[in-house]
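Have a look at the structure below before the remarks.
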Amino acid sequence: MMNTQMLVDEAIEALESQINDTAIIACSGGIDSSVAAVLAHRAVGSMLHCVYVDTGFMRKGETEEVREMFAEMGIELKVVDASERFFHHLEGVTDPEHKRKVIGEQFIRVFEEEQANCGAKFLVQGTIAPDWIESGGGERDVIKSHHNVGGLPEDVDLTIVEPLREFYKDEVRQIARQLKIKSSERQPFPGPGLAVRVLGDLTRPRVEACREACHIVEVRLREAAAEGKCDIPWQYFAALLPVRSVGVHGDARVHGETVVVRAVTSLDGMSARYSEIPHDILAEISTEITNKLKGQVNRVVYDITHKPPGTIEWE
Ligand code: XMP
């Protein structure tokens, strides 16, 4: 592999020649879009408009963290709260592919509004190799439509620029470190966010439950890793399943939903092994989730599926 500084220089040069007018980029704060934004900002400066769309499917505290990260890097970031619109269009949508399509479309609609505001002609995206390979862009079957590929409507009126298209996650991480991007060590988070971790109906209370459960998994595993009790997994989170089972609260038998905890080791997300988390840590996570989400969730399970045959996310 070329040295990282050379990759950075080449990417910036390519962007300089590709972008000759106002550009816009959706910044989620994640490593891929942040690297794409910093590269494009270095290439075209204030011709690039960075927009953060709060879809309502972000993790706990995420919007503020992203705002701060961009402020520290000296890049202007516009935060758009579009959660109302996403929840509205996803009402009654439970099919995973349909969800991704709707999210992709709404993303683009929000962008068209932002594009109209700033007159952008180019759309910079942080698509990396697994995103399009797994969306059927190569010889392979469609595994899932990643929002930044499969969900694009055909009438989109922007020229797409994808500086990270040929890179895998570990390479992008290396570039992020080189660029001193704060989120370089952050675990991956899917574009459609918690929407693909809430199986079934996307109601606000269900998304909120998933947000809390994800937060508990993240905090507990980071603490455990800091105390040397386990290695930090490559990716670790919770998903909410629309599976109701009977539980007990005092004397009453109640129906509640199920949270599945997922933690995997991987190099690039293309394949993965489930992480062997010590049982006492899993027990603490389970207790905290059922306490915090009393009445809503009464069962926590741990996913012991490798990829393949499972995927890392549940949708
Ligand atoms: P799967 O679930 O396909 O995920 O094994 C592989 C890696 O990709 C992330 N992922 C996404 N990333 N947009 C993204 O940018 C998406 O729609 C998306 N879906 C999954 C997933 O979190 C894992 O790291």
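Note that ligands are numbered from 1 as they come in the structure, with each ligand's atoms numbered from 1 the same way.
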Quick check on contacts: which atoms of ligand 1 are under 4.0 angstrom from a heavy atom of [X]?
{"X": "G269", "result": "6 (C)"}
{"X": "P192", "result": "13 (N), 16 (C), 17 (O)"}
{"X": "G191", "result": "12 (N), 13 (N), 14 (C), 15 (O), 16 (C)"}
{"X": "K307", "result": "1 (P), 3 (O), 5 (O), 6 (C)"}

* Check the pair R197, E315 against salt bridge (charged side-chain N to carboxylate O under 4.0 Å, His left out), reporting the backbone distance first and the verdict last. => CA-CA 7 Å; R197 294 183 179 171; E315 279 193 342; over 6 Å; no
Does an N or O anywhere in [X] fall below 3.5 Å from an N or O of ligand 1?
{"X": "P188", "result": "no"}
{"X": "F189", "result": "no"}
{"X": "D131", "result": "no"}

Side chain or backbone of [X] under 4.0 Å from ligand 1, or both, or neither, by non-hydrogen atoms?
{"X": "K169", "value": "neither"}
{"X": "P190", "value": "both"}
{"X": "R100", "value": "side chain"}

* Geometric class of the F86/F57 ring pair [parallel <30°, tilted 30-60°, perpendicular >60°] -> perpendicular
Let me have the donor-acceptor pairs involving side chains of residues 15-26, under 3.5 Å, with sequence neighbours excluded, atom names and distances please.
unit_1	atom_1	unit_2	atom_2	d
S17	OG	A14	O	2.9

* **Qualifying residue, where the test is side chain to side chain donor-acceptor pair (under 3.5 Å) with R109 and the options are E112, E113, E105** => E112
* **Path from V196 to I108 over hydrophobic side-chain contacts below 4.5 Å** => no
* Who's closest to atom 23 (C) of ligand 1 heavy-atom-wise, of R197, Q235, E313? -> Q235
* Is it true that R177 and E185 have a side-chain N and a carboxylate O under 4.0 angstrom from each other? -> yes
* To do: Would you mind checking if K60 and E218 are paired as a salt bridge, meaning a charged N to carboxylate O distance below 4.0 Å?
  => no
* Can you find a side-chain donor-acceptor pair between Q174 and D170 that sits under 3.5 Å? -> no
* Does ligand 1 have any atom that is closer than 4.0 Å to a heavy atom of W234? -> yes
